[in-house]
Amino acid sequence: MNTTVSCELHLRLVVSSESSLPVPAGLRYDTADPYAVHATFHTGAEETVEWVFARDLLAEGLHRPTGTGDVRVWPSRSHGQGVACIALSSPEGEALLEAPARALESFLKRTDAAVPPGTEHRHFDLDTELSHILAES
C-alpha cells in the first residue's frame, strides 16, 4: 500500500534584492517513488510548473548549500525568518524561490515517518520501473 504525504506552501519568487512575488506551491511525496519530491508551482490562474527533485537534496539544503545543475538549495533568512532558497534552472529560464524552512521541515518529517531515510530501496520496485521504461521505448 502506497502512502502519500503532501503540503501546500506559500513561496516567494525573488525578482530582485528588493522585490518578490508570492507563488503558491504544493509538495507531494509518494512511497511508490521514495527518492523524489514532486513540486507544483502555481504560476497563474490555471498554469502550473512541475518539478521533481531528490528528497535528500531538499533535506540537506535546509542545513547547508547543496545541489548542482538544475536544482540547488541552501539555508538563508528573509525578514527574520528561516527560509530555504531553491534555485531552479531550465532551458526556459531560471527562478529563485524562498520557502519557509519550518514548513519544509514539517513536510520532511512526515516523509521520514513514511519512509525513513536510507530505507528507500525497500519501497522501490525496480522490476516495475524497468518495465515502464522499456514499454516507453
Side-chain angles (χ1 to χ4, degrees):
M1 181 170 151
N2 293 333
T3 300
T4 301
V5 177
S6 60
C7 79
E8 297 296 319
L9 298 171
H10 295 284
L11 308 180
R12 302 295 303 176
L13 173 65
V14 177
V15 179
S16 71
S17 60
E18 297 87 29
S19 178
S20 64
L21 300 170
V23 177
L27 298 180
R28 185 176 49 78
Y29 177 80
D30 191 325
T31 58
D33 189 6
Y35 294 100
V37 171
H38 297 256
T40 302
F41 303 103
H42 302 277
T43 58
E46 298 290 324
E47 299 171 30
T48 61
V49 175
E50 305 278 333
W51 278 78
V52 179
F53 44 87
R55 174 175 68 157
D56 290 347
L57 178 77
L58 189 57
E60 187 175 331
L62 287 170
H63 305 287
R64 67 190 135 280
T66 189
T68 57
D70 296 347
V71 181
R72 293 178 293 120
V73 183
W74 64 92
S76 189
R77 297 196 68 75
S78 179
H79 305 292
Q81 301 294 316
V83 297
C85 293
I86 303 171
L88 304 174
S89 178
S90 76
E92 289 79 33
E94 297 180 355
L96 175 58
L97 300 157
E98 293 179 343
R102 282 190 183 174
L104 288 179
E105 287 169 355
S106 175
F107 170 74
L108 289 168
K109 281 182 184 176
R110 293 187 295 131
T111 70
D112 291 352
V115 177
T119 67
E120 294 89 351
H121 65 281
R122 295 182 194 152
H123 298 267
F124 190 75
D125 186 349
L126 182 59
D127 291 333
T128 300
E129 293 302 317
L130 282 174
S131 66
H132 284 127
I133 292 169
L134 294 174
E136 293 175 4
S137 298

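Because the structure is predicted, anything quoted here is derived from the model rather than measured.
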Over all atoms of both residues, closest heavy-atom pair of L9 and A103: CD2-CB, 3.2 Å
- line: Rounded to the nearest 0.5 angstrom, the CG-CZ distance for L27 and R55 is 13.0 Å
query: Shared ILVMFWY cluster between L97 and V14, side chains joined below 4.5 angstrom?
result: no
- request: Starting at CD of E98, measure out to OG of S78 and round the result to the nearest 0.5 Å.
  value: 4.0 Å
- request: Mind checking the CG-OG spacing from L62 to S76? Nearest 0.5 Å is all I need.
  value: 12.0 Å
message: Do W51 and V37 sit in one hydrophobic cluster, given that two such residues count as connected whenever their side-chain heavy atoms are within less than 4.5 Å of each other, even indirectly?
response: yes
- request: Kindly determine whether L21 and V15 satisfy side chain to side chain contact (heavy atoms under 4.5 Å, CB included), including the steps that lead there.
  value: CA-CA 7 Å; L21 300 170; V15 179; 3.8 Å; yes
statement: In terms of heavy-atom contacts, V5 and F107 come closest through O-CE1, 3.6 Å
field: Side-chain H-bond candidate by donor/acceptor type, T66 with R72, under 3.5 Å
entry: no
query: Is the shortest distance from a Lys or Arg side-chain nitrogen in E60 or R64 to a carboxylate oxygen in the other one below 4.0 Å?
result: yes
query: How long is the span from the OG1 atom in T111 to the CG atom in L108, to the nearest 0.5 Å?
result: 5.0 Å
message: Looking at every heavy atom in both P65 and W74, which two are closest together, and how far apart are they?
response: CA-CB, 3.7 Å
- prompt: Which heavy-atom pair separates G67 from L57 by the least distance, and what is that distance?
  reply: CA-CD1, 3.5 Å
query: Is there a side chain to side chain contact (heavy atoms under 4.5 Å, CB included) between R28 and T4 once you walk through the steps?
result: CA-CA 7 Å; R28 185 176 49 78; T4 301; 3.6 Å; yes
task: Kindly give the heavy-atom pair with the smallest separation between A25 and F41, and that separation in Å.
output: CB-CD2, 3.8 Å
query: If two hydrophobic side chains count as joined below 4.5 Å and joins carry through other members, does V49 share a cluster with L88?
result: yes
field: Side-chain donor or acceptor of S16 paired with backbone N/O of S19 under 3.5 Å
entry: yes
- request: Indicate yes or no: at least one non-hydrogen side-chain atom of P24 is less than 4.5 angstrom from one of E8.
  value: no
statement: Interatomic distance, CZ@R110 vs OH@Y29, rounded to 0.5 Å, equals 12.5 Å
- prompt: Same cluster or not: are V73 and L13 linked, directly or through other Ile, Leu, Val, Met, Phe, Trp or Tyr residues, by side-chain heavy atoms under 4.5 angstrom apart?
  reply: yes
- request: Please say whether more than 12 non-hydrogen atoms of neighbouring residues, nucleotides or ligands are located less than 6.0 Å from CZ in R102.
  value: no
- prompt: CG/D112 to CD/E105 distance, rounded to the nearest 0.5 angstrom?
  reply: 11.5 Å
message: Measuring only between side-chain heavy atoms, which start at C-beta, is H38 closer than 4.5 Å to T40?
response: no
message: Restricting to non-hydrogen atoms, name the atom on L104 and the atom on A84 that form the minimum distance, rounded to 0.1 Å.
response: CD1-CB, 3.6 Å
